[in-house]
Amino acid sequence: MASNVISILTVDDDETFLSVLQSALEGEGFHVEAAGDGVAAINILQTKQFDLVLLDVKMPRVDGIEVLRFIKDHYLDTQVIMLTGVSDVRIAVECMQLGAYNYVTKPYSTSELFTLIERALERKKLLLENKILKNALSQHAMSDEIIGNSKAMLDLLGVAAKVSPTDSAVLVQGPSGTGKELIAHFIHKNSNRNDQQFVALNCASIPENLIESELFGHEKGSFTDAHQQKQGIVELADGGTLFLDEIGEINLMVQPKLLRFLQTGEYRRVGGNKNLHAEVRIISATNRNLREEVDRKRFREDLMYRINVITLDIPPLKDRKEDIPLLVDHFLKKNVRTKELKMIDARALDLLVQYDWPGNVRELENVIERAAILCQDNLIRVEDLALPIGLRPMTHPTSGSIQIGSVIAMKEVERHHIDGVLKALNWNKSTAAQVLGISLKTLYTKIQQYNLKKD
Ligand SMILES: Nc1ncnc2c1ncn2[C@@H]1O[C@H](COP(=O)(O)OP(=O)(O)OP(=O)(O)O)[C@@H](O)[C@H]1O
Ligand SMILES: [Mg+2]
């Protein structure tokens, strides 16, 4: 079998159903194997790996849940779609928490199933790509300090890793607390200059009239308070990396001098008339939009191009919610002051994933640090999270814990499930559509149909 043929295992105790499904799938070019019950499925799974498993929930002897557990224990990448009767929906939803990709209820249309299969395979491909990226990154310094499993972060770190060993000027952009300084360190640590100085200057923290002397130093007596000669930061960074944080704050008087230095390596101390020389790799950061600053004539265009050979845009945390649980875990481990590791309960974690994080990762780190100190019995609960009022814990539990009897209508289950997913993702509809395995258009229709509201 050619390795690019996608292999699918179908598991169902209904033989007629199984053979119909098999020929439909083979018609689409998939390699299909079938198992008539859970035992047979596990036997086949012990000998080979599949890209996707279509798994009936209810089967005699070993049921779908057990097979799913086996798959997730042995083949984390294998995608599983549960096939279920209406009365098993609750179990199917539970299966999703165990790692199944999604479920369809019988009877279903072939097109519905095929759409789901396509999405599940897409997800598998994405996970694999992420794994490859992560693997490549793990060779790099600081790779275990920068947390992120989202495609956005992994791509960004991939680019950062690539530019690190070059001397190219890098501009790191992103809202406050997204990790700009951390990325700057990462680049330095992975560069050929990693045994040299990394010198940071926060341009926002220095009075405007002192920036030039901070950068280039001054001669004794060059201005009223210049009692001594002073080395500039470019001199300290000579041979190493110079990190100019909040570079947008540098005023228009100093910008030409910085540009000249970056072009030629030459500068003069304030009050000095001797040309001095230093060679630095420049990384800058800003949470302003430099393009706008240029348009407003507050930042020189030529300087912008000079510092911005490579741009790294760090997305706000709310746009990469899948990183939140990983970051929480990281900060819990990072802040182990006592011997005991703190844990977080599911509702509290749900809340953290829902929240918008205007202060991004820094805010999350602070919230966790505080909660870890205040919590009782080493368990962080909702009440330990100092989040703004107005953000209440979910009134609807997420999908896994819905309490329903078998008489409840399918529509109600669906409404509940979609509502839970939307809430958990803070109404990020495109992510929710992906999670639910439906198109954005379908999601909009469902929101309207069930009259779902944000609050
Ligand atoms: N991906 C990440 N993994 C682990 N820690 C992170 C990550 N991103 C940010 N942090 C942590 O969050 C805090 C803020 O990061 P950093 O200071 O780099 O942000 P910043 O973008 O420079 O913020 P500001 O714009 O306010 O200067 C730091 O403690 C940093 O270690
Ligand atoms: Mg910073």
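Order of appearance sets the numbers: ligands from 1, and atoms from 1 within every ligand.
Under the 30°/60° scheme for interplanar angles, the aromatic rings of F216 and Y267 are found to lie parallel.
Evaluation of the salt bridge (Lys or Arg N to Asp or Glu O under 4.0 Å) test over residues 152-161, restricted to residues two or more places apart or in two chains, returns K151-D155. Pairs of residues two or more places apart, or lying in two chains, that qualify as salt bridge (Lys or Arg N to Asp or Glu O under 4.0 Å) and include a residue from residues 193-207 are D167-R193, R193-E279. Residue pairs meeting the salt bridge (Lys or Arg N to Asp or Glu O under 4.0 Å) criterion with at least one partner in residues 129-142, sequence neighbours excluded, are D77-K131.
At distances below 3.5 Å, not a single donor-acceptor pair connects side-chain atoms of H330 with backbone N or O atoms of L326.
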Short N or O contacts of ligand 1 with protein, under 3.5 Å, listed by atom name?
| residue | atom | partner | partner atom | Å |
| --- | --- | --- | --- | --- |
| ligand 1 | 1 (N) | I147 | O | 2.9 |
| ligand 1 | 3 (N) | I147 | N | 2.9 |
| ligand 1 | 17 (O) | R362 | NH2 | 3.1 |
| ligand 1 | 18 (O) | K180 | N | 3.4 |
| ligand 1 | 18 (O) | E181 | N | 3.1 |
| ligand 1 | 18 (O) | L182 | N | 3.1 |
| ligand 1 | 19 (O) | G179 | N | 3.1 |
| ligand 1 | 21 (O) | T178 | N | 3.3 |
| ligand 1 | 21 (O) | G179 | N | 3.1 |
| ligand 1 | 21 (O) | K180 | N | 2.8 |
| ligand 1 | 21 (O) | K180 | NZ | 2.9 |
| ligand 1 | 22 (O) | E181 | N | 3.2 |
| ligand 1 | 23 (O) | G177 | N | 2.9 |
| ligand 1 | 23 (O) | R362 | NH2 | 3.2 |
| ligand 1 | 25 (O) | K180 | NZ | 2.6 |
| ligand 1 | 26 (O) | S176 | OG | 3.1 |
| ligand 1 | 26 (O) | G177 | N | 3.4 |
| ligand 1 | 26 (O) | R362 | NH1 | 2.8 |
| ligand 1 | 26 (O) | R362 | NH2 | 3.3 |
| ligand 1 | 29 (O) | E365 | OE1 | 2.7 |

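With hydrogens and angles left out, the side-chain atoms of S7 and H31 include no donor and acceptor closer than 3.5 Å.
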